[in-house]
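Structure first, then comments.
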Amino acid sequence: MKDVNVGAASSFTDPGRKVFDCGGTEVGVFLLDGEFYAWENRCPHLDGPACQGKIVPLFTEAVNEDLTSRGREFSKTQTNVVCPWHGFEFDIRTGVHPTDARVRLKGVKLRVEDGDVWLSVRA
Ligand code: FES
């Protein structure tokens with residue numbers, strides 16, 4: 001493993017994301033509600049650039065007890081990134097697909113040290 005400095009923490013917008021080429025491994029670094037998350041930019045579906053898609057709240061349909069719809073709702077607690085190739089979504093905080101926990105992004109170790117963001121990637 002090698003450590004890669006990807007810049008000042010203050011250079012990230014919140015919410016926001018940057019994608020870095022770390023010597024052959026592309027990594028998406030997200031800042032969300034003051035916390036950083038890092039995922040390999042490789043979709044588990046067909047290797048698309050999952051970290052480069054739109055950042056959106058989880059979108060669900062609200063259903064009454066009698067199974068009638070109350071319409072669509074945006075989550076106030078879960079934010080996803082949408083793979084631009086075929087639309088698979090992943091929770092930015094966990095890297096997990098909303099309906100199948102077996103489908104997930106691969107995490108990259110991240111730390112903030114002296115105001116800079118560092119990634120640990122395969123050498
Ligand atoms: S490659 Fe990401 S959804 Fe297909």
Side-chain angles (χ1 to χ4, degrees):
M1 300 296 277
K2 66 179 176 183
D3 289 345
V4 177
N5 183 332
V6 293
S10 61
S11 70
F12 289 77
T13 58
D14 188 354
R17 146 275 331 266
K18 294 182 181 182
V19 176
F20 300 95
D21 183 349
C22 300
T25 302
E26 285 191 6
V27 179
V29 177
F30 295 84
L31 179 59
L32 188 61
D33 296 329
E35 296 289 331
F36 283 97
Y37 305 90
W39 308 104
E40 286 193 11
N41 188 26
R42 215 173 113 197
C43 184
H45 180 219
L46 290 173
D47 293 339
C51 295
Q52 292 173 259
K54 290 190 175 186
I55 295 173
V56 296
L58 174 67
F59 182 74
T60 57
E61 182 167 1
V63 178
N64 295 312
E65 283 187 26
D66 65 358
L67 300 182
T68 58
S69 175
R70 292 193 311 272
R72 297 173 181 162
E73 293 181 337
F74 290 103
S75 172
K76 292 178 175 41
T77 58
Q78 183 174 331
T79 304
N80 293 347
V81 63
V82 184
C83 180
W85 280 12
H86 312 102
F88 276 38
E89 294 189 24
F90 303 93
D91 184 329
I92 289 173
R93 291 180 175 89
T94 65
V96 175
H97 186 278
T99 62
D100 188 346
R102 296 170 301 174
V103 180
R104 56 180 59 216
L105 299 173
K106 186 170 184 186
V108 174
K109 195 170 176 191
L110 177 150
R111 73 179 190 279
V112 178
E113 188 175 297
D114 296 329
D116 284 344
V117 178
W118 291 82
L119 303 173
S120 292
V121 296
R122 283 174 274 147

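For ligands, and for the atoms within them, numbers begin at 1 and follow the listed sequence. FYI, the numbering just counts along the sequence from 1.
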Which atoms of ligand 1 have any heavy atom of [X] under 4.0 Å away?
X     : result
Leu46 : 1 (S)
Cys83 : 1 (S), 2 (Fe), 3 (S)
Phe88 : 3 (S)
Trp85 : 1 (S)
Gly48 : 1 (S)

Worksheet item: More than 12 foreign heavy atoms under 6.0 Å from CG of Asp114: is that the case here?
Response: no
Worksheet entry | Over 12 foreign heavy atoms within 6.0 Å of NZ, Lys109 | no
Worksheet item: Do any N/O/S atoms of Cys43 come under 2.8 Å of atom 4 (Fe) of ligand 1?
Response: no
Discussion item. When you measure from atom 4 (Fe) of ligand 1 to the N, O or S atoms of His86, does any of those distances fall below 2.8 Å?
Written reply: yes
Worksheet item: Closest to atom 4 (Fe) of ligand 1, which N/O/S atom of His45 is it?
Response: ND1
Discussion item. For a quick test of reading the model, state the closest non-hydrogen atom pair linking Val108 to Trp39 and the distance between them.
Written reply: CG2-C, 4.0 Å
Discussion item. In terms of relative ring orientation, are His97 and Phe88 parallel, tilted or perpendicular, with 30° and 60° separating the classes?
Written reply: perpendicular
Practice prompt. Run the numbers on Phe90 and Asn80 for side chain to side chain contact (heavy atoms under 4.5 Å, CB included), then give the verdict.
Written response: CA-CA 5 Å; Phe90 303 93; Asn80 293 347; 6.0 Å; no
Fill in: Spacing of Glu89 atom CD and Ile55 atom CD1 [to the nearest 0.5 Å]
12.0 Å
